[in-house]
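Residues take their numbers from the sequence shown, with the count starting at 1.
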Amino acid sequence: MKKLFFSLVLAVFIMPAMAQSWGALQKQLNKQPAWQKQDVVVLLDSIGVTVDENGSGNFDIHQVAKIQSPKGALAYRVLKYDYDPLTAFAQFTRVTVYKADGSKKEIDVKKTCDYAAPARAIYWGARQIMIEVGKLDTGDIVDYEINKKGFTYALLGANFNGAGGVGSINIEMDDRFIPPMKGNFYDIVPFWVTYPTVSKVYTIDAPKSKDIQYEFYQGQCHSSARMTPDRQILTFSVSDAMPFKQESNMVDLFDVAPKLMLSSTAEWKDKSLWFNKVNEDYGSFEPLPEAQKKVDELIKGKKTEMEKIAVLTHWVADNMRYSGISMGKGEGYTLHNTKMNYTDRCGVCKDKAALLISFLRMAGFEAYPAMTMAGSRIESIPADHFNHCVTVVKLSNGTYMPLDPTWVPFSRELWSSAEQQQNYLPGIPEGSDLLLTPVSAPENHYFKLNVKSNVDAKGTLTGEFTVQAEGQSDSPVRRAFTSGYMTQWKNAMENELLRVSPEAKLISVNYGKDPKDYQAAPIKITMKFVIPNYALTTTEGSLLMKPISGQLYSSVKSYMRVNTTPEEREYGFKDSCSRLLEMNETLTLPSGYKMVQAPESDSMQSDAADFSSSIDQRGNKVSINQKLTLKKRVYEAEDWSGFRSAVLASKAISDNMLVFEK
């Protein structure tokens, strides 16, 4: 009776739009002439959550969508929903199609297909439910409901392709539906929409004993709170929502689009303490004799703590495959133990982190796991917005250093600078607040290219260049050696030239004794080449050519893939890493040739990027020099002007068609 009462109370607040005809919502739609041209308009997108004392949630998901074009009909012909059977159960409870001609069609939910979800690299038994709605016509309205019971842990995030509904799941309470941090509830609710939406609603009915913290970010909503003797009902809604206008290379939608974060956990320190305890209690890092033997072998002869940390990190990074195999109950938040990890030599990020922790502990270090979010910001509300697991090790000076064996295979780094400016939460015995990785200095990721070449009157370019790189610039230059067959190394070097010109020929290459040994030193490669017809020739004998220094190693120049067309940005944006690029080219001309363009130089500085360049001729030698310093990985919208100007200047000198006349 008590449960029925609370269901009725919840219905008072979230059901009016559902119980009534959505004629009122359709009238609102009719007031939006521009929406009539949309493929789909969602009349109602609603989630109602009833939270139990143990933290488990009963999610009633409901969506009503009006089809307005054949493209929209195709999008809603099949409905899908993902869930993890280890932590939740989901089912369609009703699917109704209101035809444009006034008829009504009930879809038999017993025909729902429940099957193993498509998977790649992570094989944890995720499942997907799917139901076929069938042929839809313009003007039809699809009204459906899904009920889910359980919880969603950060690393087990479920996505819904379509949307969902209201009902009840007639299954008994199961331990698998109780969150691992028992009694705690959290939810991360994107409030951006795929299609124009008349009404989007989220309601939570929770025990009053739970102190629910919440915040609505990056937008506005209507909110309300209602109380019963022992329950609290919070409702958040937005009206007339339009799809979020995205920008190329922008930061993640979670960082800029409307979202709601809720959590009953008091602070991040509580989550840190829990993450530490759950894995210590499980015994994730217990020593293993055969693993101890490997650790002793690896650190033999290593004198400093950093030498030991480095050799252990790189061994785990390079020798443990990324392939997630489920351990059953506890998967996703419990780290696999040392025996499983060392024996199988495969796992996902959390398992690679776990093996590194075990190795470090067997080497005498104090090490723990940490959670992070690769790709977007983590807010102060302690909701589990994580998708990645890493390691922290305590140094002799008492500070914790983050390590990431997942992101540094065959990389000279211990923590990938592709993860700079990223929040993380260490699971340490004393507990921790949310932390942030610092910006890595551009000099840590230098790319230096020096070219000496000669062009003859027929346009043939001969010469040599030396490339040197470190950090995140080292990895793409070295990749041919670390991931390719030794028999193909020389071909890979020639391919770099062939990307410049299909007529290019590699004369010789020197990449040292063992370029695969990335730990020995930064990469250095010297190539000698000849490229017939590289320079265009005119009947008057003029030569036209671009500096070859600007055409080589585009794989390193991720900034070149940032769209610089817009003059302004509304949102932050990302590059792959901070970086320093120095490209210097000396071109020897045939006797009597002079550069038509006047000598030029450029220089600019900003908080985001610095750039300097020069082109001049002395005798028969032309010097083309540029230096580009990109200072961050994640930029604010205010950084766009400085970043864009520097990148455009670099592109201009790289693509500058130089003209030489006799």
Side-chain angles (χ1 to χ4, degrees), residues 446-469 477 493-511 524-554 556-557 560 580-604 610-629 646-662:
Y446 66 74
F447 173 83
K448 298 179 181 180
L449 180 63
N450 290 284
V451 183
K452 293 182 179 180
S453 60
N454 301 269
V455 63
D456 64 21
K458 294 181 180 180
T460 298
L461 186 71
T462 60
E464 71 173 44
F465 67 80
T466 298
V467 59
Q468 297 173 278
V477 174
M493 299 299 98
E494 189 168 41
N495 285 338
E496 189 60 50
L497 289 169
L498 291 172
R499 279 189 274 272
V500 175
S501 169
E503 296 187 60
K505 297 177 183 178
L506 177 64
I507 304 303
S508 66
V509 60
N510 180 4
Y511 36 65
K524 181 179 180 181
I525 304 170
T526 298
M527 291 193 221
K528 292 184 178 180
F529 63 89
V530 58
I531 309 178
N533 303 310
Y534 180 75
L536 301 176
T537 59
T538 68
T539 55
E540 292 80 15
S542 299
L543 298 173
L544 294 83
M545 60 179 286
K546 293 181 179 180
I548 191 173
S549 56
Q551 317 310 311
L552 292 165
Y553 288 99
S554 59
V556 178
K557 304 170 185 176
M560 288 291 195
L580 170 65
L581 298 100
E582 295 180 0
M583 292 177 280
N584 302 298
E585 181 173 351
T586 301
L587 173 66
T588 301
L589 302 175
S591 178
Y593 277 79
K594 291 187 177 181
M595 183 170 64
V596 172
Q597 292 96 326
E600 60 181 71
S601 63
D602 194 6
S603 180
M604 59 187 72
D610 297 340
F611 178 77
S612 62
S613 68
S614 65
I615 301 177
D616 64 6
Q617 180 177 357
R618 293 186 179 181
N620 67 336
K621 295 186 184 298
V622 177
S623 297
I624 306 110
N625 306 297
Q626 64 166 302
K627 180 179 179 180
L628 176 64
T629 305
V647 170
L648 284 175
S650 178
K651 287 182 178 180
I653 193 171
S654 297
D655 295 335
N656 188 6
M657 186 64 77
L658 301 175
V659 180
F660 306 106
E661 291 182 349
K662 192 170 182 179

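If you take CG on Asn450 and OG on Ser549, they are separated by 9.5 Å, rounding to the nearest 0.5 Å. The NZ atom of Lys557 sits 10.0 Å away from atom CG of Leu628, with the distance rounded to the nearest 0.5 Å. Rounded to the nearest 0.5 Å, atoms CD (Gln626) and CE (Met583) are 3.5 Å apart. Atom CG of Asp616 and atom NZ of Lys621 lie 13.0 Å apart (nearest 0.5 Å). Taking NZ from Lys505 and OG1 from Thr462, the interatomic distance works out to 12.5 Å, rounded to the nearest 0.5 Å. Atom CG of Leu497 and atom CG of Leu552 lie 6.5 Å apart (nearest 0.5 Å).
For the pair Leu648/Phe611, no side-chain contact is recorded, criterion being any heavy-atom separation below 4.5 Å from C-beta on. Between Val659 and Leu543, every side-chain heavy-atom pair lies at or beyond the 4.5 Å cut-off. Between Val455 and Phe660, every side-chain heavy-atom pair lies at or beyond the 4.5 Å cut-off. Two residues are said to be in side-chain contact when any heavy atoms from C-beta on lie closer than 4.5 Å; Leu587 and Leu461 meet this criterion. Inter-residue side-chain proximity for Tyr553 and Leu581 is flagged as unmet; no heavy-atom pair is nearer than 4.5 Å. The shortest side-chain heavy-atom distance between Leu580 and Lys627 falls under the 4.5 Å cut-off. Using a 4.5 Å heavy-atom threshold, the side chains of Glu582 and Tyr446 count as separate. Residues Ile531 and Ile548 have side chains in contact (heavy-atom distance under 4.5 Å, counting atoms from C-beta outward).
Here the side chain of Gln551 pairs a donor or acceptor atom with the backbone of Ser654 at under 3.5 angstrom. Here the side chain of Glu585 pairs no donor or acceptor atom with the backbone of Gly550 at under 3.5 angstrom. Checked by atom type and distance alone, the side chain of Tyr593 never pairs as donor or acceptor with a backbone atom of Thr588 at under 3.5 Å.
Within a 6.0 Å radius of NZ in Lys651, other residues, nucleotides and ligands contribute more than 12 heavy atoms.
Nearest heavy-atom pair across Ser650 and Met560 is OG-CE, 4.2 Å. Between Ser614 and Ile653, the closest heavy-atom pair is O-CD1, 4.2 Å. Taking each heavy atom of Glu496 and Ser554 in turn, the nearest pair found is OE2-N, 4.3 Å. Annotation for Met657 and Leu544: closest pair SD-C, 3.7 Å, computed over non-hydrogen atoms. The minimum heavy-atom distance between Ala457 and Thr537, with the atom names listed, is O-CG2, 3.7 Å. Nearest heavy-atom pair across Glu494 and Leu506 is OE2-N, 3.4 Å.
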Would Val477 and Ile525 satisfy side chain to side chain contact (heavy atoms under 4.5 Å, CB included), going step by step from the backbone distance to the final call?
CA-CA 9 Å; Val477 174; Ile525 304 170; 3.9 Å; yes
Hey, mind stepping through Arg618 and Ser623 against side chain to side chain contact (heavy atoms under 4.5 Å, CB included) and telling me if it holds?
CA-CA 8 Å; Arg618 293 186 179 181; Ser623 297; over 6 Å; no
Please report the C-alpha distance between Glu600 and Ser613 in whole Å, then the side-chain angles of each, then the deciding distance to 0.1 Å, and finally whether the side chain to side chain contact (heavy atoms under 4.5 Å, CB included) criterion is met.
CA-CA 8 Å; Glu600 60 181 71; Ser613 68; 5.6 Å; no
Start with the C-alpha distance between Met527 and Tyr511, add both sets of side-chain angles, then the distance that settles side chain to side chain contact (heavy atoms under 4.5 Å, CB included), and finish with yes or no.
CA-CA 9 Å; Met527 291 193 221; Tyr511 36 65; over 6 Å; no
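With 3.5 Å as the limit, one finds no donor-acceptor pair spanning the side chains of Thr526 and Glu464.
For the side-chain contact (heavy atoms from CB on, under 4.5 Å) criterion with Leu589, the lone passing option out of Gln617, Lys662, Lys594 is Gln617.
With sequence neighbours left out, the side chain to side chain contact (heavy atoms under 4.5 Å, CB included) criterion links Glu503 to Ser501, Pro532, Asn533.
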